[in-house]
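The block underneath contains the structure these notes are about, expressed in structure tokens.
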Amino acid sequence: MPTRVEISALREHIGSTVAVTGWVLTTRSSGKIAFVVVRDGSGYVQGVLARADVPPAVWERFATLTQETTVRLAGEVRADARSPGGVELAVRDLEVLGPSRDFPITPKEHGTAFLMEHRHLWLRSRRQVAIMKVRHEIIQGIRDFFHQRGFFLVDTPILTGSIGESGGSLFETEYFDLGKAYLAQTGQLYVEAACAALGKVYCFGPTFRAEKSKTRRHLTEFWMVEPEVAFATSDDNMRLQEDFVTSLVARVLDRRAEELKELERDTAKLASIVAPFPRLSYTEAVALLRAQGSAIEWGQDLGAEDETRIAEARDRPVFVYNYPRGAKAFYMKENPDDPRTVLCDDCLAPEGYGEIIGGSQREDDYDRLAARIREQGLPEDAYGWYLDLRKYGTFVHSGFGLGLERTVAWICGLQHIREAIAFPRMLYRLNP
RNA sequence: UCCCGAGUAGCUCAGUCGGUAGAGCAGCCGGCUGUUAACCGGCGGGUCGGGGGUUCGAGUCCCUCCUCGGGAGCCA
């Protein structure tokens, strides 16, 4: 029995007889010659069967192959320019490992509702495989980036008491005799605590927002990476962000060119993502928008249309920094040069992909932070431990959160964020 | 929550002026030695989202409910 080889390694076995196991994508037959394309996760390969060269039993078995049948093919690896990928398998033996009847996703078009209903099977399509490989690369890039820069990974809790950025959008659950627990919508407050212990830290995990958002940029469950750096200012923070984002884009361009091609991504638009990113203060942004005819007033948060307008004029992400305090979270540090604003930034991705990062320098003054908590009507006792961080050796520190799926959607050029995660959780989607 | 839009064959859709339902793909049968979403011929396939109404007659017009999609707000 020939040795089993992964499809991605076939190129190294030209001339020898090997076996491949995987799932059937398509079959085609011309009576005396037949083709079968197989996927094994590492890649795709076309098997060719000539009726004259295989035993009749093997030829008849080929006729039973349907979409997504699990097969084992054995034969000689050869280079052939006519074959997709340039390498093909001259099949001599074929074994059905698992039959597949009436696979719902045919090689024709389908609507998104149908595809989402069959997400567990949709994942097998070439496009979805490519997206998941890019997502994997980005995740690995995130971990490597921070590891190489001396950050420590700290895992923050998913079940929390009543603490978070804001009250309204938390998923609730019962927690034994302790009352209500909430699914974390950020790890930030915890990562700030860890920051005082380890200096440079990050958390990376799922977060939950019970917002009834129904747009192509929103999920109710999404992954977020949140670094936090001791003794870093808002300016240091933005520099870290642009190094981070450019490193991720460069890594995907370098290592996932094949997948980007499968996704028909215009890589020229990614190749232009280099530091530094343009910076625009909130006040400048408002002036710019008003000059373009927007009705935005100073003090209002930027709308989706405003963000698009700012970002679409540029070939790389843009920072909008120092928003009015009323538009932002309680923990952001007051801007000493203009107390109407806070030291923060949003990083807006090009091509209309919107905000991929929100970051800020944190309020490190005990009294000002306590006042902000009271001002926003947050349960003060729940924030006792968070205030402690300012009581015992307070320190300048900054951090940000990058939304993984938005980043994946942008780098892959996806129309909708739901394709950026294997099993998206949305307002009307809890299954599969 | 609000504003648009869509529900017809397994899938994607067409269906004119209100007159008993149609195509492509998928499936099945047959043909073809280099196919790339192969191609060619044939066959089977319908609670027109649910309910109510108008009408001699409703996929089509009206009311209502349901489901889904897109967008806004909010955010990553």
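Here is the naming used below: chain letters follow the sequence lines, and residue numbers restart at 1 for every chain. Heavy-atom basis, side chains included; hydrogens, waters and symmetry copies ignored.
Taking 3.5 Å as the limit, the base of B/rC74 and the side chain of A/Ser213 contain a donor-acceptor pair of atoms between them. A donor-acceptor contact under 3.5 Å is not formed by the side chain of A/Arg51 with the base of B/rC32.
Atom P of nucleotide B/rA26 and atom CD of A/Gln67 are separated by 10 Å, given to the nearest angstrom. The distance between atom CD of A/Gln300 and atom P of B/rC74, rounded to the nearest whole Å, is 9 Å. Rounded to whole angstrom, the span from the CD atom of A/Glu226 across to the P atom of B/rC75 amounts to 15 Å. When rounded to the nearest whole Å, the span between CG of A/Leu248 and C1' of B/rA76 equals 14 Å. Whole-Å rounding puts the A/Tyr428 OH to B/rU67 P distance at 8 Å. Regarding A/Leu170, its CG atom lies at a distance of 13 Å from the P atom of B/rA76, rounded to whole Å.
Out of B/rG69, B/rU35, B/rA76, the shortest distance to the side chain of A/Lys214 is found at B/rG69. Comparing B/rU35, B/rA72, B/rG27 by their nearest atom to the side chain of A/Ala304 picks out B/rA72. Of the candidate nucleotides B/rU33, B/rG70, B/rC11, B/rU33 has the atom lying nearest to any side-chain atom of A/Ser30. The side chain of A/Phe114 approaches B/rC11 more closely than any other nucleotide in the set B/rG69, B/rC75, B/rC11. The nucleotide whose nearest atom lies closest to any side-chain atom of A/Arg406 is, among B/rU33, B/rC75, B/rG70, B/rC75. When each of B/rU33, B/rG34, B/rG71 is scored by its nearest atom to the side-chain atoms of A/Gln46, the top-ranked nucleotide is B/rG34. The A/Met224 side chain lies nearest to B/rA76 when the options are B/rA76, B/rU33, B/rG70. Listed nucleotides B/rC32, B/rC28, B/rG69 differ in distance to A/Arg101; the shortest reach to its side chain belongs to B/rC28. You'll find that the side chain of A/Arg418 is closest to B/rG70, out of B/rG71, B/rG70, B/rC75.
Summarising the geometry of A/Leu427 relative to A/Ser213, their closest heavy-atom pair is CB-O, 4.1 Å, with the distance given to 0.1 Å.
When heavy atoms are screened at a 4.0 angstrom cut-off, A/Gly303 is found touching the sugar-phosphate backbone but no base atom. Note on A/Asp346: nothing from the nucleic acid sits closer than 4.0 angstrom, heavy atoms only. Using a 4.0 Å heavy-atom cutoff across all strands shown, A/Ser29 reaches at least one base atom of the nucleic acid. If you check every strand for non-hydrogen atoms under 4.0 Å, A/His118 touches nothing. Heavy atoms of A/Leu219 sit under 4.0 angstrom from at least one base atom. Among the protein residues, A/Ala34 comes within range of no part of the nucleic acid, since none of its heavy atoms lies under 4.0 Å from any strand. In this structure, A/Leu402 reaches neither bases nor backbone, as no heavy-atom distance under 4.0 Å exists between it and the strands shown.
With A/Tyr44 as the aromatic partner, A/Arg126 meets the cation-pi criteria of under 6.0 angstrom to the ring centre and within 45 degrees of the ring axis. In this structure, A/Arg290 fails the cation-pi test against A/Trp298, since its NZ or CZ atom is not both closer than 6.0 Å to the six-membered ring centre and inside 45 degrees of the ring normal.
Of the side-chain N and O atoms in A/Arg127, none sit less than 4.0 angstrom from OP1 or OP2 of B/rA37.
Of the residues near RNA chain B, A/His110 and A/Arg429, the one whose nearest nucleotide (by heavy atom distance) lies more toward the 5' end is A/His110. A residue-by-residue look at A/His218 and A/Ala113 shows that A/Ala113 has its nearest nucleotide of RNA chain B further toward the 5' end.
Taking the six-membered ring where the residue is Trp, the centroids of A/Phe204 and A/Phe146 are separated by 6.0 Å or more.
With hydrogens and angles left out, the side-chain atoms of A/His110 and A/Thr106 include a donor and acceptor closer than 3.5 Å. Looking at A/Thr341 and A/Asn335, their side chains do bring a donor and an acceptor atom within 3.5 Å of each other.
In this structure, the aromatic ring of A/Phe222 is positioned over the six-membered ring of the base of B/rA76, centres within 5.5 Å and planes within 30°.
With a 3.5 Å ceiling on both atom-pair distances, B/rC74 lacks any Watson-Crick or G-U wobble partner. Under the Watson-Crick and G-U wobble criteria, each requiring two contacts below 3.5 Å, nucleotide B/rG19 is paired to B/rC56.
With contacts defined as side-chain heavy-atom distances shorter than 4.5 Å, the pair A/Pro317/A/Pro350 qualifies.
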